[in-house]
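To start, the structure under review is shown below, and the notes come after it.
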Amino acid sequence: SGLFTIGGTLNVAKTVYATTNNSATQCSILVNNTLKCSTLVTDASGAGGHGLSLGSNGKLEINGVGGSLGSWNTTNNTYSLPEFSSVIFSAEGNQTIKSGVTFSDLVLKGSGVKSLTGGNSTVSKSLKLEGTATFSSDGSAIVFGPLAAVYYSGTGSQIIGSELTNAPNSLRIQNTNGVSLGRNISVNGSVWCYGNLTTGSYTLNLGTTGLFFEETDAARVIGNVQVT
C-alpha cells in the first residue's frame, strides 16, 4: 500500500502490475521521469483502489512484443496522463494501443504494427511515428486535439495511412528518406517539410487555413494539394 514514486528511469524487464486486491488502502504509482516495462496489467482492483499517474513530463514506455496498457479497467482504478506526458510503444514487433484513452504525446517506434482496435483514442498534443513502426486499425481512429501535431521521423521511407483518418492541426515531415500518402488526408493548420512528402494519386487537403513552412528544393510537397 502507499505511493511509489519514480524519479529516475526504472527498467522492468517483464510486467508491471498496476492493480491491487487491497481492500483498505490505496496503492499508487507516480511516474515523474520514466517507467519502462514489457507490458502493463491494469485489471480491476479491490476496494482500496489503485492509481497510475504520469507527471507532467513523465514517460511510460511499453517495450515488449505484444505489450499493451492492459485492460485499463476503471473499477477502483484511476489513471492520469496529463499534458506533456508521453506514452511510448517501442517494441521491435507488434503491439496494441488501448482504445478509449486520451494521450498527450503518443510515440510509435521500434518496428512492427501498432494496432488500435475496439474504439477511438485521442491524442491532444502529438503523435510521433519513428523507426519502421506502422499504424493499423479495425476502423477505430485517432482523434486529434485542436492543436495536435503529427511527426514522421522514420529511419526508412514512410507511408501515411489510417493514423490520419482525422485531420491534425500540424503535419511535420522530418524523415529525409521521404514520406508518401497512402490515402487522401487533410491538415487544418501547417505542413512543415524537412523531407519530401509525395502525394502520388492521393491529395493533401489544406482547407482554408493550411500553410506550408520550410519548403526547399530538397524538402517539399510533390503532387496534389487542394485548398478550399
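This chain uses plain numbering: 1 for the first residue, then up along the sequence.
- Listed for the Thr42 side chain is a donor-acceptor partner under 3.5 Å among the backbone atoms of Leu69.
- Using a 4.5 Å cut-off between side-chain heavy atoms of Ile, Leu, Val, Met, Phe, Trp and Tyr, with links allowed through other members, Val87 and Val107 fall into different hydrophobic clusters.
- Using modelled atom types, no side-chain atom of Ser38 and backbone atom of Ala13 make a donor-acceptor pair closer than 3.5 Å.
- The CZ atom of Phe135 lies 9.5 Å from the CG atom of Leu164; values are rounded to the nearest 0.5 Å.
- The main-chain N or O of Gly156 is found under 3.5 Å from a side-chain atom of Asn175 such that the two form a donor-acceptor pair.
- Ser99 has its side chain within reach of Leu116: a pair of non-hydrogen atoms, C-beta onward, lies under 4.5 Å apart.
- Side chain of Asn166 to backbone of Ile142: a donor-acceptor contact under 3.5 angstrom is found.
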Exercise for the section: Take Ile97 and Leu108 through the test side-chain contact (heavy atoms from CB on, under 4.5 Å) and record every step on the way to the result. Expected result: CA-CA 10 Å; Ile97 305 166; Leu108 310 180; 3.8 Å; yes
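- When atom types are taken as modelled, the side chain of Glu215 and the backbone of Cys193 share no donor-acceptor pair closer than 3.5 angstrom.
- Without hydrogens or angle criteria, Asn94 side chain to Val113 main chain gives a donor-acceptor distance under 3.5 Å.
- Judged by distance alone, the side chain of Asn120 and the main-chain N or O of Ala141 form a donor-acceptor pair under 3.5 Å.
- Here the straight-line distance linking atom CG of Leu204 with atom OG of Ser186 works out to 8.0 Å at 0.5 Å rounding.
- A side-chain N or O of Ser45 and one of Asn77 form a donor-acceptor pair less than 3.5 Å apart.
- Between Ile6 and Thr34 the shortest side-chain heavy-atom distance does not fall below 4.5 Å.
- Checked options Glu163, Lys128, Gln174; the residue passing with Tyr152 is Glu163 (criterion: side chain to side chain donor-acceptor pair (under 3.5 Å)).
- In terms of hydrophobic clustering, with Ile, Leu, Val, Met, Phe, Trp and Tyr side chains grouped at heavy-atom distances under 4.5 Å, Tyr194 and Leu211 are assigned to a common cluster.
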Problem - Criterion side-chain contact (heavy atoms from CB on, under 4.5 Å) on Phe144 and Leu127, from CA distance to verdict - result: CA-CA 9 Å; Phe144 294 104; Leu127 170 66; 4.1 Å; yes
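- Going from atom OG1 of Thr122 over to atom CG of Leu106 covers 11.0 Å, rounded to the nearest 0.5 Å.
- Side-chain contact between Thr78 and Gln26 is present, with heavy atoms from C-beta onward closer than 4.5 Å.
- At least one side-chain heavy atom of Pro82 sits under 4.5 Å from a side-chain heavy atom of Leu54.
- Within the 4.5 Å cutoff, side-chain heavy atoms of Leu60 are placed close to those of Leu40.
- Nearest heavy atoms, Gly119 versus Ser140: N-OG, 2.8 Å.
- Residues Trp72 and Phe103 share a hydrophobic cluster, clusters being chains of Ile/Leu/Val/Met/Phe/Trp/Tyr side chains in contact below 4.5 Å.
- Of the possible polar contacts, one joining the Gln95 side chain to the Ile62 backbone as a donor-acceptor pair under 3.5 Å is found.
- Considering CG of Asn32 and NZ of Lys59, their distance stands at 11.5 Å, rounded to 0.5 Å.
- When the options Ile222, Ile159, Ile160 are evaluated for a side-chain contact (heavy atoms from CB on, under 4.5 Å) with Ser180, the one that passes is Ile159.
- Side-chain atoms of Thr198 and Asn196 include no donor-acceptor pair closer than 3.5 Å.
- Side-chain N or O atoms of Ser104 include one that pairs as donor or acceptor with a backbone N or O of Phe84 at under 3.5 Å.
- Residues Ile88 and Val123 do not share a hydrophobic cluster, defined by chaining ILVMFWY side chains whose heavy atoms lie under 4.5 Å apart.
- Annotation: side chain of Val16 is not in contact with side chain of Leu52 (no heavy-atom distance under 4.5 Å).
- Atom CD in Glu130 sits 10.0 Å away from atom OG in Ser90 (nearest 0.5 Å).
- With contacts defined as side-chain heavy-atom distances shorter than 4.5 Å, the pair Lys98/Ser68 does not qualify.
- Residues Ser136 and Ser115 bring a donor and an acceptor atom of their side chains to less than 3.5 Å of each other.
- The side-chain heavy atoms of Thr102 and Leu81, taken from C-beta on, include no pair separated by under 4.5 Å.
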Problem - side chain to side chain donor-acceptor pair (under 3.5 Å) between Thr75 and Asn73, intermediate numbers included - result: CA-CA 6 Å; Thr75 301; Asn73 193 300; 2.9 Å; yes
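- Aromatic ring pairs are classed by plane angle as parallel below 30°, tilted from 30° to 60° and perpendicular above 60°; the pair Phe213 and Trp192 is parallel.
- Both Val101 and Val31 are part of a single hydrophobic cluster, where members link through side-chain heavy atoms under 4.5 Å apart.
- Heavy-atom neighbours of Leu30 CG from other residues, nucleotides or ligands within 6.0 Å: above the threshold of 12.
- Interatomic distance, Leu181 CG to Leu197 CG, rounded to the nearest 0.5 Å: 5.0 Å.
- The backbone N or O of Asn224 lies less than 3.5 Å from a partner atom in the side chain of Thr199, making a donor-acceptor pair.
- Counting only N and O atoms by type, the side chains of Glu92 and Ser111 include a donor and acceptor under 3.5 Å apart.
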